[in-house]
Amino acid sequence: MYDLVIVGSGPSGLAAAIAAKRRGLRYIALERGVLADTIYHYPVAKPLFSSSREVELESDALPRDRKPTREQVLAHYNDVAAREGLNIKAGEGVRRITPSGEGFIIETDKDALRSQTVLVAVGGFGRQRKLNVEGEDDQRVSYRFSEAQPFVGKPVLVVGGGNSAAEAALFLSEAGASVTLSIRRSALDADDEVDEKKIARARIKPWVMEPLERAIAEGAIRLIARSEIVEIFPRSALLKVRRGLESDVVETECDHIFALIGADPDTHLLAEAGAVIAEDGRPVYDPSTYETTVEGIYVAGHITRELHMKNALAIAKRVAETIASQIVEKVKTENAD
């Protein structure tokens, strides 16, 4: 019987594991992919959006004069995990969390574990949004961007108006791909009404926006605003482009499509365990303890409404310490009886 099972080994899961170990908990962290799987899938050899202070687990572990790269962050996390001797099982995804007696049964791909408490720290990007159009499949469309080299000299369509799409378009163009960027807004920094739904302003960072606008102005990247994909063919895609109150259909050549239109947290484990999921797609939890509506199941990281990485790390640590204190009190009470 574990005191705590942590689901996920991203920054928050690692911070919780460190705190759990230091407080003497019997714990394990389970990860369906590799350690820090979301960061592992970031673009190869490129800086993160976040600063070193936001993502590091120890002070001054990462560069201060620039944003850290994917490789630097992964090396830091692997080093901390090894040095601390953290109990992490990678490549073992959790299939189900079932309340049982005074604890939970955690079913994985390989085993079934018992634990008094569970901390779900699976991040906010578990379910990639899809285009939901005819012709869409995993051969033609990618929902993450990792490297540009396979697309050098090829026509590529990037869909999305945020940082991920903007950076992917730049990386692909710099590598020598012929890039078309499709956005639903009338401009990169515009707020528009589309189909009676407000499209929030694209939050493209200034250091990404400046080179992107320059690349578009110089013709290195073709921007198609007020557009959305309506169908995908083997060598092209059909875009509906709004022009005032009317719209045209434009066929765009593309060997591959990157649909970088965001992602949502994967809350199915929580929902199946009985936790209430709010209308915004995130779990309902106590804002002070981060315990869900199921006693003993907690959440931390970007699956919550705390989207600032630095705060998310602090919260994960605090949740693990809270669980440790509760278990200590429970043992004291049982011994007193």
Side-chain angles (χ1 to χ4, degrees), residues 43 46-50 124-125 127-136 140-145 148 151 154-233 235-264 279-281 307:
K46 300 296 183 181
L48 273 63
F49 296 138
S50 303
F125 308 101
R127 293 188 294 114
Q128 300 292 325
R129 295 174 190 164
K130 297 199 172 185
L131 298 166
N132 297 317
V133 299
E134 188 174 346
E136 179 178 14
R140 291 286 287 128
V141 185
S142 295
Y143 306 95
R144 288 175 171 171
F145 173 79
F151 307 98
K154 297 179 180 180
V156 178
L157 175 62
V158 179
V159 181
N163 273 306
S164 295
E167 283 208 327
L170 282 169
F171 295 155
L172 286 160
S173 177
E174 290 166 0
S178 177
V179 181
T180 298
L181 175 61
S182 167
I183 64 172
R184 295 186 66 190
R185 301 170 179 82
S186 60
L188 289 169
D189 59 353
D191 281 344
D192 292 338
E193 293 285 344
V194 178
D195 298 332
E196 300 181 351
K197 293 182 180 180
K198 186 79 169 179
I199 297 180
R201 182 180 298 276
R203 297 177 180 176
I204 299 177
K205 303 293 186 184
W207 56 88
V208 179
M209 180 71 87
E210 183 180 344
L212 178 62
E213 290 179 327
R214 185 167 59 250
I216 292 169
E218 294 173 352
I221 294 175
R222 177 192 181 200
L223 175 67
I224 304 181
R226 296 190 178 96
S227 65
E228 57 184 303
I229 290 186
V230 293
E231 190 170 355
I232 298 172
F233 304 122
R235 300 284 296 174
S236 64
L238 215 57
L239 299 177
K240 182 174 75 173
V241 184
R242 300 184 308 279
R243 306 190 191 282
L245 298 177
E246 299 182 353
S247 61
D248 295 334
V249 175
V250 176
E251 187 170 358
T252 301
E253 182 186 9
C254 53
D255 273 17
H256 197 72
I257 299 167
F258 286 95
L260 306 177
I261 53 178
D264 299 300
E279 290 185 4
D280 65 356
L307 302 182

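Quantities reported herein were computed from a predicted structural model and do not represent experimental measurements. Both backbone and side-chain heavy atoms feed into the values below; hydrogens, waters and symmetry mates do not.
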Validation row: V156, F258 side chains within 4.5 angstrom (heavy atoms): yes

Please examine the side chains of V159 and V141, heavy atoms only from C-beta on, and report whether any two atoms are closer than 4.5 Å. no

Partners passing side-chain hydrogen bond (donor to acceptor under 3.5 Å, both in side chains) against E136 (at least two apart in sequence or in another chain): Y143

Does the side chain of S182 reach to within under 4.5 Å of the side chain of L157, using non-hydrogen atoms? yes

Distance from S227 atom OG to R242 atom CZ, nearest 0.5 Å? 7.5 Å

Would you say R226's side chain and I183's backbone share a donor-acceptor pair under 3.5 angstrom? no

E134 vs I232 side-chain heavy atoms within contact, under 4.5 Å: no

Any idea which heavy atoms bring K130 and I261 closest together, and the distance? O-CD1, 3.7 Å

Test salt bridge (charged side-chain N to carboxylate O under 4.0 Å, His left out) applied to R144 - qualifying residues, sequence neighbours left out: none

Under 3.5 Å donor-acceptor pairs involving side-chain atoms of residues 160-175, not counting sequence neighbours:
residue	atom	partner	partner atom	Å
N163	OD1	K205	N	2.9
N163	ND2	R203	O	2.6
S173	OG	A220	O	3.4

Over all atoms of both residues, closest heavy-atom pair of K240 and V230: CB-CG1, 3.8 Å

Can you name the residues that form a side chain to side chain contact (heavy atoms under 4.5 Å, CB included) with S236, not counting sequence neighbours? F233, E251

Non-neighbouring partners of S142 that pass side-chain hydrogen bond (donor to acceptor under 3.5 Å, both in side chains), sequence neighbours left out: H256

Determine the minimum heavy-atom distance between I221 and L212, stating which atoms define it. CD1-CD1, 3.8 Å

Derivation of the side chain to side chain contact (heavy atoms under 4.5 Å, CB included) call for R222 and S178: CA-CA 8 Å; R222 177 192 181 200; S178 177; over 6 Å; no

Salt bridge (charged side-chain N to carboxylate O under 4.0 Å, His left out) against R127, all qualifying residues, sequence neighbours excluded: none

